[in-house]
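For reference, the structure discussed in these notes is given below.
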Amino acid sequence: MENNRESWGSKLGFIMAAAGSAVGLGNIWKFPFTAGNNGGGAFVLIYLIFVIFIGFSVMLTEFAVGRRKNLAAVGAYKSVDSRWTFAGVLGVLSGFLIMGFYPVVGGWALAYVFKVFGGLLTDPAAIGDVFGGFITNPVQPLIWMVAYLLLNVVIVVRGVSSGIEKAGKVLMPLLFGILILITIKGLTLPNAMAGVEFLFKPDFSKVTGAVVLAALGQAFFSLSLGMGCMITYGSYLNKQENLASNAAIVTAMDTAVALLAGLAMFPAMFSFGMEPAAGPGLVFVVVPSLFAEMGGLGVVFAALFFVALTVAALTSSVSLLEVVVAYLMDERKFTRVKSVITASTIMALMCVLASLSLGGVGPKLFGTGAFDVFDLLTDKIFLAIGGMLLCIFAGWRLDKEDLRKEITNEGDIAFGIFEFWYALVKYVIPVTIAIVAVSGIKSGFDSGVGAIMVIGVAIIAIFAAISKKL
Ligand code: TRP
């Protein structure tokens with residue numbers, strides 16, 4: 001078993017792949033507009049607290065469980081107790097749902113590489129309308145979505161170490177560099193400090209249950225947690241690696257990129273007089289507007305930005321696809337190629353619904369379109385509850401000494417805060433997530449999405465009830 005399982009080519013390969021999974025649209029596209037929608041500073045602070053105390057611990061738990069069991073998410077749960085299979089299958093469902101909208105946005109990023117060269121920057125006043133017109137178009141974004149999804153298929157068909165690892169290695173420095181450039185440019189604009197203040201000065205009067213749940217969901221989404229992704233990646237990791245330091249490095253890199261993305265967007269936005277709650281168009285409007293002032297060089301930088309964004313998105317979405325593929329291969333005995341084709345076909349159909357919903361076309365659930373339903377179910381319910389279930393599983397169902405051995409590599413390396421981590425995982429995190437979820441769902445009813453969240457909880461309950469059949 002151990003010998004024929006694919007594994008990472010090198011230490012750097014694993015960190016780059018795990019960081020590649022974490023750093024993606026969640027950091028650069030989602031974080032800024034979610035922070036904007038949720039009032040700025042206080043949201044950011046709560047998000048950071050969740051990242052440090054919950055995100056890091058859950059990531060370490062995912063790595064440890066995956067490597068200990070040497071199995072992807074579903075298999076890892078099932079090998080211990082078939083009543084827990086549902087927690088793994090819930091992750092596979094999350095994988096489908098996130099991949100039901102992520103490639104739509106990935107397609108936008110890809111399209112923007114070409115739009116930038118097609119003269120997008122020549123009429124700065126129209127940049128906002130161009131975005132709105134593009135994403136609500138019934139056909140154009142679908143073509144880009146399919147192109148983007150095909151890139152995922154090609155990478156995942158080629159398997160773990162050759163495909164994902166290589167893609168992960170090239171991008172990080174480029175992305176980081178351009179974000180720094182955008183930040184410097186943004187900070188030199190008039191009224192830039194208002195943006196910095198918005199992002200970092202907490203105003204606690206804006207905090208509601210919904211804001212806290214959004215911060216928790218953002219932490220899970222951004223760190224690729226709560227759906228078995230890091231369990232699966234951990235299962236490909238060799239026994240010599242230090243799990244805790246890997247988790248710390250990945251968490252730090254992911255958070256740095258999110259904060260940098262915020263810092264790159266908000267000063268420019270405030271300077272341009274845009275609304276902080278500008279929504280999903282934020283990066284696609286702010287970045288081109290910012291570079292429009294720089295002439296020909298601006299075109300090159302803007303194009304490079306969208307290339308880097310596309311690659312960052314790719315290294316994330318391949319990890320999502322990989323979870324589903326690993327499930328189909330390990331549990332359903334599909335070949336890799338058949339798994340990839342089956343999974344990506346279903347995802348493509350979901351993406352069609354998601355993309356059309358932005359133009360107001362297609363089915364709605366309680367007045368909410370497919371794009372938002374997929375996002376809401378995963379970001380607000382499934383990921384956090386998935387993380388909670390993992391912690392309950394690790395804390396109450398696995399052997400404490402086994403976990404200690406796994407994290408310390410059978411006693412070879414020290415992990416000084418083991419007891420602290422274990423207490424977080426066993427008690428603090430499950431209770432915290434339960435409280436945040438309940439208060440978030442309550443305030444979800446104020447904005448008309450409570451019913452969808454309750455459906456999400458019901459789906460989990462049904463999965464739990466039929467766990468042994470999954
Ligand atoms: N973290 C990625 C991003 O920020 C998205 C992602 C990849 C993800 N794998 C995941 C989110 C697993 C949740 C679970 O774009």
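Read the numbers this way: they start at 1 and go in the same order the structure lists the ligands and their atoms.
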G26: numbered ligand 1 atoms lying under 4.0 Å from its heavy atoms
3 (C), 4 (O), 15 (O)
From the options L223, V257, I98, select the one whose nearest heavy atom is closest to atom 13 (C) of ligand 1.
I98
In terms of atom number and element, which parts of ligand 1 are under 4.0 angstrom from non-hydrogen atoms of S222?
1 (N), 4 (O)
Closest heavy-atom pair, A87 versus Y77, reported as atoms and distance to 0.1 Å, is CB-CZ, 3.6 Å
Protein heavy-atom partner closest to atom 14 (C) of ligand 1 - residue, atom, separation in Å:
M227 CG, 3.1 Å
Nearest protein heavy-atom contact for atom 2 (C) of ligand 1: which residue, which atom, what distance?
S21 O, 3.2 Å
R397 side chain reached by D81 side chain, heavy atoms, under 4.5 Å
yes
Residue-level breakdown please: for A22 versus ligand 1, do any non-hydrogen atoms fall below 4.0 Å on the side chain, on the backbone, on both, or on neither?
backbone
Closest approach of any protein heavy atom to atom 11 (C) of ligand 1, naming residue and atom
F221 O, 3.2 Å
Of all the heavy-atom pairs spanning E331 and G75, show the shortest one and how long it is.
OE2-CA, 3.3 Å
Quick one: nearest non-hydrogen protein atom to atom 6 (C) of ligand 1, plus distance?
S224 OG, 3.5 Å
Take the angle between the ring planes of F131 and F284 and call it parallel below 30°, perpendicular above 60°, tilted in between.
parallel
Atom indices of ligand 1, in the order listed, that fall short of 4.0 Å to a heavy atom of L25
15 (O)
Flag yes if more than 12 heavy atoms outside K442 fall under 6.0 Å of its NZ atom; otherwise flag no.
no
For W29, state whether at least one heavy atom is located under 4.0 Å from any atom of ligand 1.
no
Go through ligand 1 atom by atom and flag the ones less than 4.0 Å from a non-hydrogen atom of N27.
4 (O)
Ring centroids only, cut at 6.0 angstrom: are F56 and W421 within range, meaning strictly under it?
no
Here the atoms of ligand 1 under 4.0 Å from any heavy atom belonging to S319 are 7 (C), 9 (N)
May I ask you to identify the nearest protein heavy atom to atom 15 (O) of ligand 1, giving residue, atom name and distance to one decimal place in Å?
Y102 OH, 2.5 Å
For ligand 1, which atoms, with element, lie under 4.0 Å from some heavy atom of G24?
3 (C), 4 (O), 15 (O)
Look at the rings of Y112 and F306 and say which category their plane angle falls in: under 30° parallel, 30 to 60° tilted, over 60° perpendicular.
tilted
For the residue pair Y427 and W396, does the interplanar ring angle fall in the parallel (under 30°), tilted (30 to 60°) or perpendicular (over 60°) class?
perpendicular
With side-chain hydrogen bond (donor to acceptor under 3.5 Å, both in side chains) as the criterion, how do T34 and Y47 come out once you've worked through the C-alpha distance, each side chain's angles and the decisive distance to 0.1 Å?
CA-CA 11 Å; T34 307; Y47 163 78; over 6 Å; no
